[in-house]
Chemist: 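Dropping a structure here in structure tokens format, bear with me for questions.
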Amino acid sequence: MVTKKAKTVETIDPNAPTGSVAPATEFDPSGAPIQTVADVDPSHPAVDADPRANTTEKQNRIDFNDPSLSGSEAVAKALGYKSENGEEK
């Protein structure tokens, strides 16, 4: 027999203090904001402090933000793969 637990709904106090992370003033070449957050430990195993390690410049130029392409299509387009009939994928 399965017993369902009651759902807990957490409400946010509109009078609670806001976060204290300053807005980014610098941006990485990837477009990511450069921000230092005091409560994030970059050496923690769950945090990837260097997501572009061991990648090539060509791999880092692939634009995955095109909503009209799937991930594999973006890679094929960026790397210039051709289909069997010679057309660019």
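The residues of the chain are indexed from 1 along the displayed sequence.
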Chemist: Using 0.5 Å steps for rounding, measure from the OG1 atom of T56 to the CG atom of L79.
Modeler: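 If I round to the nearest 0.5 Å, the distance is 8.0 Å.
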
Chemist: List in chain and number order the residues that pass salt bridge (Lys or Arg N to Asp or Glu O under 4.0 Å) with E26, two or more places apart in sequence or in another chain; answer none if no residue qualifies.
Modeler: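 Once residues adjacent in sequence are excluded, E26 has no partner under the salt bridge (Lys or Arg N to Asp or Glu O under 4.0 Å) criterion.
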
Chemist: Which heavy atom of A24 sits nearest to which heavy atom of F27, and what is that distance?
Modeler: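 The answer is CB-CZ, 4.3 Å.
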
Chemist: Can you confirm whether V47 sits close enough to D41 that some side-chain heavy atom of one is under 4.5 Å from a side-chain heavy atom of the other?
Modeler: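 With C-beta onward as the side chain, the pair stays apart.
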
Chemist: Nearest 0.5 Å, what's the CG-CD distance between D66 and E73?
Modeler: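 Atom-to-atom, D66:CG and E73:CD are 9.0 Å apart.
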
